[in-house]
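What follows is a short report on a single structure.
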Amino acid sequence: MKIFQESLSKGWEFKDRDDSTQNPWMSVPAVPSVVQRDLIANKKLEDPYVGFNELKARWVNEKTWVYRRVLPQLEVPTGTAVALVFDGLDTFATVRLDGKAILESTNMFLGHRVDITEAVRASTEQRHVLEIEFDCAQLKARDLRSKDPVHKWEGFNGDLARLAVRKAQYHWGWDWGPVIMTAGIWRDARLEVYSARIEDLWPQTQLSSDHSTATVTAAADIEVVGSGAYTAVFRLTLRGQEIERQDIPVNGNGTARATFQVAQPELWWPNGYGAQTLYGVSVSLVGDGVENYDQVSKELGIRSAEVIQQPDKHGKSFYFRINGVDIFCGGSCWIPADGLLPDISAERYWKWVQLMAEGGQKMVRVWGGGVYEDDAFYKACDHLGVLVWQDFMFGCGNYPAWPELRESIQQEAVYNVRRLRHHPSIVIYVGNNEDYQVQEQAGLTYNYEDKDPESWLKSDFPARYIYEKLLPEVVAEMSPSTFYHPGSPWGDGKVTADPTVGDIHQWNVWHGTQEKYQIFDSLGGRFNSEFGMEAFPHLVTIESFIEHEADKHPQSHVMDFHNKADGHERRLATYLVENLRTATDLETYIYLTQVVQAEAMMFGYRGWRQQWGDERRCGGALLWQINDCWPTISWAIVDYYLRPKPAYYAVKRVMNSLAIGVRREHNDWSVVHAQPNNQSRYELWIVSDKQQVVQGAVELRFISVDSGKDLRPPVVREDIAIVANGTTTVIADGLLDHLAVPEPHVLAARLWVDDRVVARDVDWPQPFKYLDFADRGLEVTAKAGATDEEQILQISARKPVKCLVFEERDGVRLSDNAIDLYPGDQQTVTATGLRGDASPLKYRYLGDHV
């Protein structure tokens with residue numbers, strides 16, 4: 001018979017296991033779900049994202065919950081099997097059928113298949129009751145911790161009992177997220193009846209060095225119930241058109257394999273480098289020559305992917321090469337986009353990845369304290385060309401490595417690598433997030449020269465066995481063409497802050513020594529996989545969680561409650577008072593924090609991308625973080641509701657295919673007590689990720705902040721040959737004489753290609769708090785666009801303007817924002833989704849607002 005599948009989305013009810021009232025059962029709208037969603041739907045819980053409701057929801061974390069439903073009446077013909085399939089149970093789950101336990105799960109990251117054929121056949125009942133009991137993960141974790149007092153429970157963030165449990169670690173609370181301990185059927189559940197089924201389809205590609213041919217292999221694992229001969233029909237397609245078909249008999253081991261040779265393949269490229277061409281591979285299971293028993297299809301991209309680690313003058317390189325092309329991987333880190341994971345729809349995943357792609361980002365890092373994301377996330381990355389750095393789910397801790405825990409982790413790794421390995425976007429698997437930093441800070445044993453895995457298990461850092469033996473072996477077997485890296489940060493066993501090798505997390509801006517963000521570029525390493533600066537979200541987002549008008553000020557209790565970062569008051573205040581004239585009204589305070597974040601990200605990205613041209617001194621930069629899991633104040637450059645902050649646009653400009661940079665040397669005003677140097681040097685450069693030389697022209701102007709006048713003749717360079725995929729230095733040692741030109745002035749650079757301005761950069765005297773931004777002469781004129789959905793905003797100014805920000809309105813996309821302007825440089829912003837009869841977008845800039 002053909003495979004029969006029935007979703008188990010509806011018909012569930014749930015209760016607190018210990019509720020002894022007469023009718024404790026409540027209805028479940030649908031699964032996937034978690035208990036908090038279901039309690040909210042039954043009006044038993046207030047939205048935990050509003051006000052202090054997170055605290056009111058803590059009781060949910062300490063309960064055991066039971067879900068149940070009646071299965072449909074089942075006919076089980078001879079030669080067929082019945083299975084219950086759970087793609088995710090969160091976390092300690094006992095599944096019972098008609099009162100008998102059929103599954104014990106202790107790992108949120110695993111899927112399960114349970115054969116219930118005999119149980120159904122043996123029963124005389126017409127109905128079968130399915131029940132799942134979710135034990136309290138919080139209490140279970142603490143119990144597991146208490147049973148191993150010898151282990152050194154070290155780490156950052158949350159209850160460190162979390163280290164004993166294979167559950168999303170951010171559920172225990174993080175420095176950007178609430179403590180919400182979910183439980184429930186968090187991914188799809190279904191019932192299957194079949195006589196044969198396709199268990200797995202694994203497509204692999206091998207691209208020739210000259211890209212003229214590719215080999216595509218497709219291996220299918222097939223489960224057959226009873227006897228019978230089957231044929232696997234493989235098809236390779238491109239844009240829906242069949243390229244080749246192969247009919248392969250299923251062998252006695254239940255496997256079949258097809259090999260396709262593709263001439264002149266269309267390659268899959270990262271965002272901005274070419275098309276994201278996806279081929280289709282499918283396998284259909286045929287028996288008796290006619291019946292299609294089961295069918296599975298997957299998309300694949302033909303590409304090569306390497307991590308280049310070679311000795312050079314800076315140490316040892318760390319960068320990505322796709323299809324033979326070196327890629328500067330500017331992008332961001334990703335946390336789960338919700339505290340209640342089933343709330344993230346496929347459409348919402350697409351919008352998130354679309355924002356990354358439109359922002360010029362080339363890579364996203366799936367952080368190790370969250371989850372192996374939904375298929376919809378990776379599919380969006382495949383289609384939009386965003387490379388994926390995939391952490392395994394270990395974050396900020398010294399994890400134990402008991403035999404039963406290692407076995408669970410082994411199953412978890414196999415299950416998820418097997419699930420994800422066909423995605424062309426995934427180019428690296430990484431063992432953990434910051435666990436080697438915990439090892440260093442806690443003084444745990446780590447001798448890189450010791451290569452005996454059994455000795456690692458006996459040390460006080462037993463998780464080394466997981467990161468340097470278990471996981472790399474799984475990747476080597478399940479996805480052998482994908483690079484594995486033991487941790488982030490990590491570099492050949494050296495200290496994790498070593499800037500000469502591997503990747504680093506640079507937190508000496510904001511955390512650590514709290515350096516000025518103006519020197520971000522000097523703090524980097526070979527690959528900067530974390531760095532960040534906090535900023536408030538837009539006012540409309542803040543209003544979503546503030547209930548009382550009296551709390552709408554920067555230092556209100558509820559505002560601090562929605563910022564989980566330790567010491568955020570001091571850090572925000574430091575960076576604000578060092579750089580800007582501060583304010584206490586909420587709207588201005590929000591804006592000022594966003595200016596600081598945008599500037600910090602610009603200084604980091606701009607300088608590190610410049611270093612790409614210096615023998616790949618910096619191979620990439622992934623800011624912390626792109627997103628939020630609830631409405632909050634954090635390092636995110638786009639908030640929970642997908643509203644970009646100004647930093648999003650600052651990064652977008654630096655990540656343009658062609659970008660220009662101008663920068664005067666840093667003069668630390670707080671060290672010299674605001675006494676400027678008589679002279680300072682500056683430099684001007686162009687970065688390009690294009691694969692061919694481009695001819696361009698550059699103009700550099702020196703414009704008074706106070707008057708808007710040019711203080712000296714501009715520097716013009718015509719017919720510049722812009723180096724392919726690198727950095728072109730235009731001016732290496734420019735000199736500014738502050739005695740001859742005492743007025744504060746901006747260095748305003750533009751790049752022309754084919755008589756069109758393609759890039760701009762403005763370097764401002766630091767700090768902004770010393771500048772007078774009065775009377776800028778800003779003009780904003782709205783004109784109709786090409787469609788009713790478009791409006792063109794033309795903007796100009798008589799004096800330099802810093803960080804002109806138009807409001808982010810839901811449903812409206814802005815081509816640019818957070819703009820610097822100066823006289824003679826009219827710019828345009830296209831607002832899409834803003835109808836002609838809509839009210840004008842509000843805006844503000846540094847020193848003033850409208």
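Using bins of under 30°, 30° to 60° and over 60° for the plane-to-plane angle, the ring pair Phe394/Tyr399 lands in the perpendicular bin. In this pair, Phe318 and Trp389 present their aromatic rings tilted. The plane angle is within the 30 to 60° band. Tyr372 and Phe109 have perpendicular rings, their planes meeting at more than 60° on a 0 to 90° scale where under 30° would count as parallel.
Surrounding CD of Gln206 are at most 12 heavy atoms belonging to other residues, nucleotides or ligands under 6.0 Å away. For Lys298, the NZ atom is densely surrounded, since the number of other residues' heavy atoms within 6.0 Å is greater than 12. Counting heavy-atom neighbours within 6.0 Å of Glu347 CD, excluding the residue itself, gives a total of 12 or less. With a 6.0 Å radius and a threshold of 12 heavy atoms from other residues, nucleotides or ligands, Glu477 has its CD atom at or below the threshold.
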**Request:** Dump the intermediate steps for salt bridge (Lys or Arg N to Asp or Glu O under 4.0 Å) on Arg418 and Asp200, then the final yes or no.
**Result:** CA-CA 9 Å; Arg418 200 178 189 201; Asp200 185 48; 3.4 Å; yes

**Request:** For Phe531 and Phe520, run ring-ring contact (aromatic ring centres under 6.0 Å, His included): C-alpha distance rounded to whole Å, both residues' side-chain angles, the deciding distance at 0.1 Å, then the answer.
**Result:** CA-CA 9 Å; Phe531 63 102; Phe520 237 143; 5.5 Å; yes

**Request:** Could you give me the CA-CA distance, side-chain angles and deciding distance for Asp175 and Lys564, then say whether salt bridge (Lys or Arg N to Asp or Glu O under 4.0 Å) is met?
**Result:** CA-CA 5 Å; Asp175 55 3; Lys564 302 296 187 178; over 6 Å; no

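Between Lys451 and Glu468 no salt bridge is recorded (no basic side-chain N to carboxylate O distance below 4.0 Å). A salt bridge is defined here as a Lys NZ or Arg NE, NH1 or NH2 lying under 4.0 Å from an Asp or Glu carboxylate O, and Asp503 with Arg526 fails to meet this definition.
Among Tyr448, Tyr436, Trp456, the single residue meeting the ring pair (Phe, Tyr, Trp, His ring centres under 6.0 Å) criterion with Phe461 is Tyr436. Under the salt bridge (Lys or Arg N to Asp or Glu O under 4.0 Å) test applied with Asp159, the options Arg142, Lys167, Lys140 reduce to a single match, Arg142. Here the rule is side chain to side chain donor-acceptor pair (under 3.5 Å) with Asp87, and of Arg187, Arg190, Arg419 only Arg190 fits it.
Inspection of the Asn627 and Tyr640 side chains reveals no N or O donor paired with an N or O acceptor under 3.5 Å. Between the side chains of Thr182 and Asp90, a donor-acceptor pair is found at a separation under 3.5 Å. Side-chain N/O atoms of His422 and Glu299 include no donor and acceptor closer than 3.5 Å.
A donor-acceptor contact shorter than 3.5 Å links the side chain of Gln276 to the backbone of Trp269. A donor-acceptor pair is defined here as one N or O able to donate and one able to accept, closer than 3.5 Å; such a pair exists between the side chain of Arg303 and the backbone of Pro424.
The aromatic ring centres of Tyr67 and Phe134 sit less than 6.0 Å apart.
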